[in-house]
2 protein chains.
Amino acid sequence: MRSESDLTARARIRDAAIDLFGREGVNRVSVRAIAARAGVSPALVLHHFGSKDGLRKACDAYLLEILRGDGRPADLGDTARLGSMLEAAAPARRYLARAFLDDSPEAGTLFDEMVAASERWLGHGAEEGWIQPSEDPHARAAVYVTWLLAPVMLHAHLSRAFGVDDLAETGATLRFSRAAIEIFTRGVFADDRVLDAWNTVRKDLG
Amino acid sequence: MRSESDLTARARIRDAAIDLFGREGVNRVSVRAIAARAGVSPALVLHHFGSKDGLRKACDAYLLEILRGDGRPADLGDTARLGSMLEAAAPARRYLARAFLDDSPEAGTLFDEMVAASERWLGHGAEEGWIQPSEDPHARAAVYVTWLLAPVMLHAHLSRAFGVDDLAETGATLRFSRAAIEIFTRGVFADDRVLDAWNTVRKDLG
DNA sequence: TAGCATGCTAAACAAATGTTCAGCGCTTAG
DNA sequence: CTAAGCGCTGAACATTTGTTTAGCATGCTA
């Protein structure tokens with residue numbers, strides 16, 4: 001996650017901000033707290049980033065560029081992209097979750113890109129027969145991406161459910177991914193009654 | 001969502017706080033802003049709730065009690081419970097999402113309760129044959145609940161993906177739920193290759 | 001009517017916050 | 001050697017923040 005120039009004070013400030021913003025939320029963290037963690041003066045933070053909001057934007061851009069541009073082959077599909085996200089450092093994950101909740105423009109772009117990529121990938125798989133066909137491919141892609149991001153958003157609660165400090169611990173990751181793949185492969189419902197019930201509702205509504 | 005006594009200033013303050021906290025995040029909202037929206041003086045907010053944090057706790061307790069205690073028959077399953085959540089007013093949804101992200105104790109309790117209820121429900125269905133069996137029922141229940149809550153967390157992005165202002169609009173809700181039920185019924189993967197790949201990884205790791 | 005609780009407010013306070021500014025020390029080009 | 005540029009800081013400023021205090025008005029009770 002670190003490049004060569006990351007020993008500079010500017011980079012230390014950025015990393016400290018990502019960590020603290022992710023931990024506490026942007027507005028619970030003061031410029032002074034960031035400066036203290038980065039080992040610099042509060043004034044230097046503003047010197048480099050103009051304002052606290054400028055720092056926030058710089059964090060958004062930096063982090064999401066990393067997530068977006070990791071250059072994995074598209075063939076691995078979006079499940080692999082989620083993997084690369086979960087592999088990202090914990091502070092980055094927390095920051096990302098807040099960016100999604102706060103509806104930051106960068107996060108929105110990332111989400112939209114993920115939906116588009118998933119729709120392509122799922123459509124490709126459907127043509128080749130290893131993905132189920134869908135009545136509404138765009139909606140399915142949106143649901144799919146939402147579910148991929150769910151563990152990022154609810155990380156703390158999932159960790160508790162698995163009895164670990166961090167979901168990234170090997171055992172918990174294996175259990176979670178196994179359960180998810182199980183659903184993605186076999187579904188949850190054993191028959192069509194819920195689907196039929198939905199169809200009835202749809203008919204009633206129009 | 002409102003009971004009879006909800007015309008009191010105290011209730012107006014609480015509702016204003018839930019709305020603003022959900023919209024902006026707790027720390028971006030000042031006591032003065034809440035007071036202004038409720039049409040009272042800032043001092044009254046503290047008079048009733050002791051402190052801003054007291055107000056926040058009161059909001060947590062009030063809202064999550066509503067979500068938890070709605071008295072729906074358990075037979076409808078957790079999909080119905082999600083429905084009742086999505087039917088809740090938009091400010092409550094936003095507030096809930098932040099409560100989950102901030103890992104508030106009340107939200108944690110709610111999450112744990114939902115996992116436990118889902119595990120019972122899914123296990124019951126598996127016995128009766130209308131739910132697929134699972135190799136790890138607890139993990140599946142956790143995944144299931146996470147996926148139920150995901151649209152609450154990513155509401156803004158999903159709305160954009162469906163081209164609507166609010167996902168609660170009838171058309172968008174129908175498309176989303178249809179896609180979700182589709183996956184829950186037929187899965188996404190048409191064959192077992194991903195499941196097999198996971199099994200290989202598991203074997204490699206131990 | 002007198003006393004008292006209740007719901008509420010205006011005004012002020014101390015602390016914290018984002019931001020600015022003048023200037024320090026160090027490196028480097030002229 | 002000098003001067004300029006760069007990274008960086010300490011101290012201060014204006015504003016906003018949560019909170020407190022003293023007190024107003026209203027209505028109930030004795």
Side-chain angles (χ1 to χ4, degrees), chain A residues 2-63 91 94-95 98-99 102 104-106, chain B residues 2-63 95 98-99 102 104-106:
Chain A
R2 286 186 161 62
S3 66
E4 42 181 294
S5 66
D6 259 341
L7 298 173
T8 66
R10 185 187 162 94
R12 286 207 317 279
I13 292 170
R14 195 223 305 119
D15 288 352
I18 289 177
D19 184 25
L20 291 177
F21 284 168
R23 234 182 259 277
E24 309 279 343
V26 175
N27 288 268
R28 258 176 291 203
V29 176
S30 67
V31 172
R32 285 167 177 81
I34 296 167
R37 160 159 308 212
V40 300
S41 73
L44 188 62
V45 176
L46 286 310
H47 174 71
H48 276 305
F49 297 94
S51 67
K52 187 184 181 183
D53 196 57
L55 172 58
R56 191 232 155 94
K57 283 176 184 156
C59 290
D60 270 31
Y62 172 75
L63 215 168
R94 281 189 287 252
Y95 185 95
R98 284 194 194 276
D102 289 347
S104 87
E106 285 84 356
Chain B
R2 285 183 163 63
S3 65
E4 42 181 293
S5 66
D6 260 342
L7 297 171
T8 65
R10 185 187 161 94
R12 286 206 317 277
I13 293 169
R14 194 224 304 120
D15 288 351
I18 289 178
D19 185 25
L20 291 177
F21 283 168
R23 235 181 259 278
E24 309 279 342
V26 174
N27 288 270
R28 257 177 292 202
V29 176
S30 67
V31 172
R32 285 167 176 81
I34 297 167
R37 160 158 309 211
V40 300
S41 73
L44 189 62
V45 175
L46 286 310
H47 174 71
H48 276 305
F49 297 95
S51 69
K52 188 184 182 182
D53 196 58
L55 172 59
R56 191 231 155 92
K57 284 177 183 156
C59 290
D60 270 32
Y62 172 75
L63 216 169
Y95 185 95
R98 285 193 192 278
D102 289 347
S104 85
E106 284 84 357

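Source: prediction; values computed, not measured. Throughout, a chain's letter reflects where its sequence line sits, starting with A, and its residues are numbered from 1. In what follows, every heavy atom counts, from backbone to side chain, and hydrogens, waters and symmetry copies are set aside.
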**Report entry** Nucleotide D:dC6, atom P - distance to NE2 of A:H47 in whole Å
**Finding:** 9 Å

Report summary line: Nearest heavy-atom contact between A:F21 and A:V26 is CD2-CA, 3.7 Å

Report task. With side chain to side chain contact (heavy atoms under 4.5 Å, CB included) as the test, would you mind laying out the steps for A:D102 and B:R98 before giving the verdict? Result -> CA-CA 9 Å; A:D102 289 347; B:R98 285 193 192 278; 3.0 Å; yes

Requested in this report: Cation-pi check, A:R10 to A:F49: give yes when NZ or CZ is under 6.0 Å from the six-membered ring centre and within 45° of the ring axis, no otherwise.
Outcome: yes

Query raised in the report: In residues 20-41 of chain A, what residues come within less than 4.0 Å of DNA chain D, judged by heavy atoms?
Result: A:R32, A:V40, A:S41

Query raised in the report: Between B:R37 and B:A16, which heavy-atom pair has the shortest distance, and what is it?
Result: CG-CB, 3.5 Å

Query raised in the report: Taking A:R32 for the side chain and A:P42 for the main chain, is one N or O donor matched with an acceptor at less than 3.5 Å?
Result: no

**Report entry** Atom pair distance, as rounded to whole Å: CG in B:L44 and P in C:dA11
**Finding:** 17 Å

Query raised in the report: Between A:S104 and A:R56, what is the shortest heavy-atom contact and its length?
Result: CB-NH2, 4.1 Å

Query raised in the report: Think B:H48 has a side-chain N or O under 4.0 angstrom from the OP1 or OP2 of C:dC8?
Result: yes

Query raised in the report: How close do A:V29 and A:K52 get, heavy atom to heavy atom, and via which atoms?
Result: O-NZ, 2.6 Å

Query raised in the report: Do A:D19 and A:R94 come close enough that some side-chain heavy atom pair is under 4.5 Å?
Result: yes

Query raised in the report: Between D:dT9 atom C1' and A:L46 atom CG, what is the distance in whole Å?
Result: 13 Å

Report task. For the residue pair A:Y95 and A:D60, confirm or rule out a side-chain donor-acceptor distance under 3.5 Å. Result -> yes

Report task. Over all heavy atoms of both residues, which pair between A:L55 and A:A17 is shortest? Give the atoms and the distance, please. Result -> CD2-CB, 3.8 Å

Query raised in the report: How does DNA chain D look in dot-bracket form if you count Watson-Crick and G-U pairs under 3.5 Å, write [ ] for pairs that cross, and put | where a base pairs with another strand?
Result: ||||||||||||||||||||||||||||||

Query - Rounded distance (Å) that lies between atom P of C:dC8 and atom CZ of B:F49 - result: 11 Å

Query - Closest contact, heavy atoms only, A:S51 versus A:L46 - result: CA-CD1, 3.3 Å

Query raised in the report: Contacts to DNA chain D from residues 52-60 of chain A, heavy-atom cutoff under 4.0 Å, which residues?
Result: none

